[in-house]
Amino acid sequence: MDLKEKIAIIHNLMRVKKFTQAIINCHKLIKLHPDISYLYNLCGMAYQGNNQIKKSIESFNLALHYDPENLAAMNNLANSYKSLNHNDKAEELYERILKKEPNNIKYLNNFANLKKKLRDFNSAKKLLLRAIEIENKNIDILFNLAECYQSLGEIDEAKEYAYKILNIQPHHSATHRFISLIINHKSDKSHLPKIIEIEKSENFNNYSLNEKTDIYFSLGKAFEDVKDYEKSFSYLEKANLIKNKDTNYNLSAHEKLIKSIIKLFDDFDFEKIKKKTTQKQIVFICGMPRSGSTLVEQMIAAHNEVSGAGELSYVRDTVAKNFLEELRFNKQKIIEEASAERNILAEQYIELLKHHKFETNIITDKAPQNFLWLGFIKIFFPNSKIIHSYRNSKDNCLSIFKNYFPSNDMLWSFDQSNIANYYNLYLDLMSFWKTKFNESIFDVNYEHLVQSPEDELKKIFSFCNLTWDPNCLNFYQSKKTPISTVSVNQASKPIYKSSVNSNEGFSKYLTEMFHILDTKS
C-alpha cells in the first residue's frame, strides 16, 4: 500500500470520527516519513477532532517547521489558538495567511469567525462581504453574513441574505429556522406554508436528524406565533426528542458539580478576603438562560460609561485552568490564591478581555451560567457587581424547551425533566450564595422589569453606581451592544410583555416539567 492510500485511510477514519485511530495511523506514517509537513497537519486535524487542542498545536507547529508556507497548517493552527482563547496569536496568523491568499474563502470565513467571537461584528461583516464578492453563492458565507447582520440588529439585511440562500437552496433547513425566528408568522404568512411543504414532502425522510430538528423547531415557533399551541408543542417535542436522544445527557455530573461547589465554599469566610481590585469593573449578569439577562445587559450597556461584552466563557475557563484537576477542585490552591498578593484569576480574565478593545472601564459579562462561579467572582473580582436575573420558573423553562441551543453547556436543554431538575439545582446554588454574601447580589425580576422598566432600571443603576440616563430605556435604538444569543430578536425591540405567563398556552403539555418545578415552589 503506497503513501497516498494510507493517507486516504486516515481521511476516511476522520470522516467517521474515529480520531484516535487516525492519530495512531498518522504517527506510524510520520515515523516512516518524518519530514512531510502534510502528515503533521493531518495529525493536528485529528487531534482537533479528538478535542486535544494542545497536541494539535504541537503538530501544526511541526508542519510549519517542515514547510513554513503550509497555509492550511497555519489556518488550522489559528483555529486551535482561537479555541484556547489565544486570540492575539490566532489573529496574527489569519492576517499572515490573508496577505498571501487574500481571496481564499475559507481563510476569510475563519478570520470572520474570530471577529464574531470577539464581538467585533462589523469587522466580521467586512471580511464576509469580501468573501461574497469572490463567491456570491457560497451558502456558508451567506449564512454567516445573515447572522452578523442579525447580531448587529440589522434585521432587514439579515432577512435579505437568508432569502438569498433559499433562492439557491430552497430546502436549507438552518435558514428556515433562522427566518422563522426573526419573523412573526401571524403578520408574515408567507413562510409557514414553505416549511409545512418541506415537512410533508416524501423527500423529508431523507433529511438528516439535524435538518429535521431545524424544521421541527421552525414549525414549533411558527405555530406558536399563530397561537396553535397543540401543533407548536408537537413539533417542539419532536425536535427535542431528536436532540435529547443524540446527546444522551445525564444530569448527575452537573448535580455532583453543584454539591462540590457548595461543599467547597461552605466553610469559606468571604469577608476575610481582600483581593486587589482591577481597573476594569465587571458587571456579571447571571441566572438561568432565557431569564431576561440579555434585556438587562442591553439596558445597562446602553449607558455611555459601559461596554457590553455579551456571554463570555472567561470566568469558567480561568476557574477550570487554575483550580480544577481531573474534574475536582483544588481547595488548597484556592485558599492560597485567595490570600496571595497577586490576583491570578482577575489578571487572566482582564488579559482575555483586552482582545475586545473595550474603551470603557465598566463592562458587562452576561454569561448566565456564571451563577456556578459566584464564589470565585466574590473572591477574585472584589469591585465587580453581581446581578441575578430571574423570572417565573415555568415561563423560563418553557422558553428553554422552545429554543435550540448549540452550546455544549446546554445539552440538558432538550428534555422536560432535565430542564426542570437543572432549574431546581440552580435554585439550590443561588440559595447557598445568598447565605454567604446576599448583600453582594442584586436580584432583577423580569416581570417587574417589563412592567416598570424605569423604576427597576434606576435601582439597577444605583446598585452599579451609574448615573441615571433615561436614554437607556431606548436601548433597542442604539444597537450599541451586539447580541449573539437566541434572545437577539426579542432584545433588539422595545420592551414587550407578551412573554409574561407565556406558559399558559403550553401548560397541559408540560406536566412532567411543571410537576418537578412545583416541588420547589
Side-chain angles (χ1 to χ4, degrees), residues 119 270-287 291-312 314-315 318 338 343 345-354 356-368 370-371 373-390 430 433-434 436-446 448-478 480-483 491 495:
R119 297 179 63 75
F270 289 93
E271 298 309 313
K272 285 187 177 179
I273 307 299
K274 302 294 179 189
K275 298 297 290 181
K276 282 194 299 188
T277 60
T278 58
Q279 183 184 2
K280 299 284 187 188
Q281 183 188 49
I282 315 300
V283 178
F284 292 101
I285 304 164
C286 65
S291 65
S293 56
T294 301
L295 175 61
V296 173
E297 181 185 48
Q298 286 292 305
M299 297 175 89
I300 298 172
H303 198 285
N304 60 10
E305 293 177 21
V306 182
S307 298
E311 294 191 15
L312 300 176
Y314 299 160
V315 173
T318 51
N343 190 337
L345 216 66
E347 287 169 6
Q348 291 175 5
Y349 180 99
I350 298 298
E351 189 61 34
L352 290 167
L353 212 57
K354 284 179 182 176
H356 297 262
K357 300 179 174 63
F358 293 126
E359 294 179 359
T360 63
N361 279 332
I362 303 174
I363 294 156
T364 58
D365 178 339
K366 188 208 76 72
N370 274 344
F371 75 81
W373 318 117
L374 292 189
F376 296 95
I377 288 171
K378 176 66 177 171
I379 294 167
F380 294 99
F381 297 85
N383 63 328
S384 68
K385 299 292 182 180
I386 300 170
I387 294 176
H388 169 227
S389 174
Y390 71 101
M430 284 308 304
W433 296 134
K434 297 281 184 75
K436 302 300 287 186
F437 44 85
N438 184 48
E439 75 292 342
S440 297
I441 301 171
F442 186 82
D443 289 322
V444 176
N445 177 271
Y446 174 76
H448 292 170
L449 183 61
V450 298
Q451 189 66 42
S452 307
E454 183 170 338
D455 291 344
E456 295 302 310
L457 191 56
K458 282 179 176 177
K459 293 175 192 174
I460 294 169
F461 278 16
S462 176
F463 176 74
C464 295
N465 301 322
L466 287 168
T467 56
W468 172 241
D469 180 358
N471 290 322
C472 293
L473 293 168
N474 301 318
F475 59 92
Y476 55 91
Q477 293 178 342
S478 72
K480 178 183 165 192
T481 302
I483 309 169
I495 289 175

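Everything numeric here is computed off the predicted structure, so don't read it as measured data.
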Open item on the list: Using a 3.5 Å distance criterion without hydrogens, assess whether the side chain of Trp468 forms a donor-acceptor pair with backbone atoms of Leu457.
Closed with: no
- [ ] Indicate yes or no: at least one non-hydrogen side-chain atom of Leu449 is less than 4.5 angstrom from one of Val296.
- [x] yes
Open item on the list: Can a donor-acceptor pair be found, under 3.5 Å and without considering hydrogens, that links the side chain of Gln281 to the backbone of Ile362?
Closed with: no
Open item on the list: Is it the case that the side chains of Thr318 and Gln348 hold a donor-acceptor pair, with the cut-off being a distance below 3.5 Å and no angle test?
Closed with: no
Open item on the list: Quick one, Glu297 with Thr364, criterion side chain to side chain contact (heavy atoms under 4.5 Å, CB included). Give me CA distance, side-chain angles, the key distance, then yes/no.
Closed with: CA-CA 7 Å; Glu297 181 185 48; Thr364 58; 2.7 Å; yes
Open item on the list: Would you compute the distance between atom CZ of Phe270 and atom NZ of Lys378 and round it to the nearest 0.5 angstrom?
Closed with: 8.5 Å
Task: Heavy-atom closest contact (Trp373 atom, Val315 atom, distance) - done: CB-CG1, 3.6 Å
- [ ] Check step by step if side chain to side chain contact (heavy atoms under 4.5 Å, CB included) holds for Tyr390 and Val444.
- [x] CA-CA 6 Å; Tyr390 71 101; Val444 176; 5.9 Å; no
TODO: Keeping the roles fixed (side chain from Ser291, backbone from Ser389), state whether a donor-acceptor pair exists under 3.5 Å.
DONE: yes
Task: Which atom of Ala367 lies closest to which atom of Leu312, heavy atoms considered - done: CB-O, 3.2 Å
Task: Min side-chain heavy-atom separation His303-Thr467 under 4.5 Å - done: yes
Open item on the list: Strictly distance-based, threshold 3.5 Å: is any side-chain N or O of Ser293 a donor or acceptor partner for the main-chain N or O of Lys366?
Closed with: no
Open item on the list: Just verifying a value: how many Å separate Ile386 CD1 and Phe442 CZ, rounded to the nearest 0.5 Å?
Closed with: 13.0 Å
Task: Residue Glu439 excluded, over 12 heavy atoms near CD under 6.0 Å - done: yes
Open item on the list: Show the nearest heavy-atom pair for residues Ser307 and Phe358, with the distance to one decimal.
Closed with: CB-CD2, 3.5 Å
Task: Heavy-atom side-chain proximity of Ile285 to Ile300 below 4.5 angstrom - done: yes
Task: Residues forming a salt bridge (charged side-chain N to carboxylate O under 4.0 Å, His left out) with Glu454, sequence neighbours excluded - done: Lys458
- [ ] Could you pull out all residues at least two apart from Asp469 that satisfy salt bridge (charged side-chain N to carboxylate O under 4.0 Å, His left out)?
- [x] none
Open item on the list: Using every non-hydrogen atom in the two residues, find where Pro382 and Ile379 come nearest and quote the distance to one decimal.
Closed with: CD-O, 4.0 Å
Task: Presence of salt bridge, Asp365 and Lys280, under 4.0 angstrom - done: no
Open item on the list: To the nearest 0.5 Å, what is the distance between CG on Asn474 and CE on Met299?
Closed with: 9.5 Å
TODO: Using a 4.5 Å cut-off on heavy atoms from C-beta on, say whether the side chain of Leu353 contacts that of Ile282.
DONE: yes
Task: Atom of Cys286, atom of Leu374 and distance for their closest heavy-atom approach - done: SG-CD2, 4.0 Å
Task: Side chain to side chain, Phe381 and Phe284, heavy atoms closer than 4.5 Å - done: yes
Open item on the list: Is there a side-chain contact between Ile441 and Ile387 in this structure, where contact means two heavy atoms from C-beta onward sitting under 4.5 Å apart?
Closed with: no
Show me, pair by pair, the donor-acceptor contacts under 3.5 angstrom made by side chains of residues 459-466, not counting sequence neighbours?
{"unit_1": "Lys459", "atom_1": "NZ", "unit_2": "Glu456", "atom_2": "OE2", "d": "3.3"}

Open item on the list: Nearest 0.5 Å, please: how far is CZ in Arg119 from CD in Glu311?
Closed with: 8.5 Å
Open item on the list: Within the 4.5 Å heavy-atom criterion, are Met430 and Phe371 side-chain neighbours or not?
Closed with: yes
Open item on the list: Looking at every heavy atom in both Asn445 and His448, which two are closest together, and how far apart are they?
Closed with: OD1-N, 2.8 Å
